Every structure is written in structure tokens, then in C-alpha cells.
Amino acid sequence: MTAPAQTKPRVLIAKPGLDGHDRGAKVVARALRDGGCEVIYTGIRQTPEMIAEAALQEDVDVVGLSILSGAHLELFPRVVEELKKRDLDDVLLFCGGIIPDEDTAELEKLGFKAIFRPGTDTRDIVKFVYDNASKS
Amino acid sequence: MEDIVERFLAGNRRALARVISRIENETPEGREYLRQLYPHSGRAHTIGVTGSAGAGKSTLTGALAAEYRRHGKTVGIVAVDPSSPFTQGAILGDRIRMQDLALDEGVFVRSMAGRGALGGLAPSINDVVAAVDAFGFDYIIIETVGAGQDEVEIAGTAMTTVLVNNPGTGDDIQAMKAGILEIADVLVVNKADHPGADTLASQLQGLLNLSPKDMRRPPIVKTVSTRGEGMQELAAAIAEHREYLDEHGLLQQQREKNARHQVLSAARAILLQRIQAATPDEQLDGLVQRVASRDLDPHTAAEELANVVSG
């Protein structure tokens, strides 16, 4: 009976681009905290490079992107590219915010395993993270 | 395993990030990495930044790191935020104040959750700092959780402890109390553009003047971290403290003290693990019941447990 090492998910919640509304990102960060995750929150106006570099330095298992500006199809591919550049292709990706249904397929192709839109129960987000984050 | 240590020593930042996680999670690989990397550590000047929540520790840490970068020095930052006592979850938000360093290759920022450790740091802080040190940074800045009056562990981890104060946070009796003020090697009055900064600085000076004559009196530096003001003076005060440590042979003394503390606390953890491994759950449960019902006192119960390994 030894003390169990902490194996709870380490999650980066990031807001790429220029929209300044981070209420949603904060709600998700808080829900994950209450779910027992260690959540790194980096604030608004992050470039794709900043997000990928934070993911690398913090050695996160999960990256969640929040966006309300409509620029997701511009910015998300660049975040994915910057993550790949740093060999971070094993990180679990999800996103949320104002994202039209017709963009779902393209985001899934990019590697996003879930899209959480307004009205989502935060417990579903916590469950998704625990079910899918592989602690390597 | 060799591979990740090799990549670490070749300067691969992802290897550093991964090694820190393994060490932080106290995995067997983490122990092995630390064993291999420890001889490479001990070269950086480690600086602790402490002070109450909202004092400006993260902003000051970022501004100080930027000052070192202007002189071409590399900086590792380890920033601790508290874990929830109920869910063990944490929000690690110190990076928000360090955006200017986000893409600087000469800086590495790692957030750590306190994971229930007392004293303003995290259980594996010394091991993590040793790993960051082994990577070869010139300076390592360790930012504590928001500290009140008694979180003094940082003084054992860092060579130079910087205490960040703000105007308008209590009278000089607060500052006279024992505890955190005693461990400061450099005192900062941050938010020095706010009213009351000069009053606070002179109150602090007045208190320092009461210290015994043969004691080193920490310098007081006024800063406005959000604008980077006072960072040259702060870096100079830190350098001056380092010289003081070197001149008086105090660094070696501090290292030995810290090493002793670390060895003993690691030994304590190992013994506890052995005791727990050797104790059937029923035996422990039985003792717990007897203590809870006041049939037995905790120390006698502990003796009984400890006898399992010593006898």
C-alpha cells in the first residue's frame, strides 16, 4: 500500500486569436479543476505558437481550445501544425465555443475529438477528458 | 530511458518537460532520471519569489526574467499554485503574467500544483528544481503559492529569497511578527506607483534598523513590475546577496542544510512506505479505531506500526 502517484489529467485551456471573451474558457477550466484536473490557463489572445509552446513546456495530456470569433478554421489548423512541429501529436484535442455544425467534419479531420457548444453540461466535458486522456 | 536523458542533456526542451512530469509524479522512471541528472545540477543561481496572493509575484517573476534575458542569461521558472484540498484539482494561472516570454527559447516556464504540501511549495519541488538546474539555465526563479506569514520553506530551496510586499496591506506590527519577513534576503515594495509605497518602504527600513548589528540587513527595492521598473535594481540586489553568500561561505552551509533536510524527508517517506507495505489493512484499521475511540493514543499506535520494520 504505497501512496498513489498523481495520474490525473493535466490540461491546457487556451484561447487563440483576438476575441476577448473568456467566460466560457474559465467555466470549463473551473469545471475541470473541480473534476480534479490540473488546469493550466494562459489567458486571452494567444497565438498558435504560444499555445503549442505552453503545451510542450507544461507537458499536458489534453489541450482544449475556446473560440468565439469565428476564426476557428483559420486558427485551429495552425495550432495543430505547431503542436506537430513539436512532436506533440499524442495530445488529446477538444474545442468549444461558437462553432457552426457544418464545420464539425473539418475539425474532426484535424484531430479534435470533441466539440462542446453553448449549453453543454460541464460534467460531460470532465467525463470526456477522463475517458480519453491517456496518461503516458 | 537512456534516450530521454540523452535528449535532455542535449538540450531538448520536450525531454525536460517530460522528465519534470515523471519526477513530479514520483514514478520509478522519475527517480531514475533524477539519479542520472542530479550530478549535472547545482550550477544555477536559484531565486525564490514569495509574498501574498495578488502581490505581483508572477508579474515580477516575468519582469525579472526579462531583465536577465536582456543580459543574455537563460532562465528557468517554476511557478507553484495551490491544489484544491477537496478535489486535488488546480488552476495554474501564473503563465498569464509572463506572456512576453512565451516564445523565448532562453526561457522555460513550468507550472506546478501544490498537491497538498505545506509551506507554499510542492512535494517534489526540490527534485524538479534540480532537474531544471541540470538542464543548464543560468537562473532559476521559483515562485511560491500566495504566502501569508508562515510559508518559509522557500528559504531552504532557493539561494536568494525575494519577498514581495505591497502598500496598504497592514501596519508595521504585521511586519514585526516572526515568520516570513525573517527569511527575506531582498525586500521588494511592488506596485510602488500606488499610494503608501514610500510609507511602507520606510516602515520596513525602520524595522530592519531594529535587527542586531551583526545581521545582514536586506536591501529594499521599489518596483512597478507591470512596467518593468526597478528590475535592474532588483537584479543588482540579488547579485549583491549572492556575493555576500560566496564571501561568507554561506552557500555551502545552506546547501548542506538543504541536503540534510531532503535526505531526511526522503528517508521518512521511504520508511512510511515500508511500514504501510508491511501493515495489513486490518491491523491499521484496528489501530485507527482504537485511537478514534480514545482507547489508545496516536503515539503508542504509531510505535506499534513502526515496530514492524525496526524489529
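Since we're looking at a predicted model, the values are computed, not measured. First the proteins, then the strands, lettered A, B, ... as listed; each starts at 1.
The line from CZ of Arg14(B) to CG of Leu88(A) is 4.5 Å long, rounded to the nearest 0.5 Å. Between the CG atom in Leu56(A) and the CZ atom in Arg18(B) there is a gap of 9.5 Å [rounded to 0.5 Å]. Taking CZ of Arg13(B) as the start and CZ of Arg86(A) as the end, the distance is 9.0 Å to the nearest 0.5 Å. The CG atom of Leu12(A) sits 10.5 Å away from the CG atom of Leu92(B) when rounded to the nearest 0.5 Å. Taking CG of Asn25(B) as the reference point, atom NZ of Lys8(A) lies at 12.5 Å (rounded to 0.5 Å). The CD atom of Gln88(B) lies 11.5 Å from the CZ atom of Arg33(A); values are rounded to the nearest 0.5 Å.
Contact of Val107(B) with chain A is made through the backbone alone, with heavy-atom distances under 4.5 Å. With a threshold of 4.5 angstrom between heavy atoms, Arg45(A) does not approach chain B through any atom at all.
By the 6.0 Å contact criterion, CG on Leu264(B) is enclosed, its count of non-hydrogen atoms from other residues, nucleotides or ligands being greater than 12. When the shell of 6.0 Å around NE2 of His40(B) is examined, it contains more than 12 heavy atoms from other residues, nucleotides or ligands. Remark: Arg274(B) CZ is loosely packed, at most 12 non-hydrogen atoms of other residues, nucleotides or ligands lying under 6.0 Å away. Other residues, nucleotides and ligands contribute over 12 non-hydrogen atoms within 6.0 Å of the CZ atom of Arg43(B). Within a 6.0 Å sphere centred on CG of Asp100(B), heavy atoms belonging to other residues, nucleotides or ligands number 12 at most. Around the CD atom of Gln283(B), the shell of radius 6.0 Å holds more than 12 heavy atoms that belong to other residues, nucleotides or ligands.
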*Is there a side-chain hydrogen bond (donor to acceptor under 3.5 Å, both in side chains) between Gln57(A) and Arg95(B) once you walk through the steps?*
CA-CA 11 Å; Gln57(A) 294 181 15; Arg95(B) 296 186 81 93; 3.1 Å; yes
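Between Glu38(A) and Arg115(B), some side-chain heavy-atom pair lies under the 4.5 Å cut-off. Proximity of Gln46(A) to Gln99(B): side-chain heavy atoms (C-beta onward) are separated by under 4.5 Å at one or more points. Side-chain contact between Ile91(B) and Lys26(A) is absent, with no heavy-atom pair separated by less than 4.5 Å.
Of all non-hydrogen atoms in Thr42(A) and Ile96(B), the two that sit nearest each other are C-CG1, 3.5 Å. Closest of all the heavy-atom pairs between Thr87(B) and Asp34(A) is CG2-O, 3.2 Å.
Between Asp87(A) and Arg7(B) there is no salt bridge, since none of the side-chain N atoms of the basic residue sits less than 4.0 Å from a carboxylate O of the acidic one.
Most heavy-atom pairs under 4.5 Å with chain B, from the set Ala52(A), Ala54(A), Ala29(A): that is Ala54(A). The candidate from Ser111(B), Ala102(B), Gly93(B), Ala113(B) with the greatest count of non-hydrogen atom pairs under 4.5 Å with chain A is Ser111(B).
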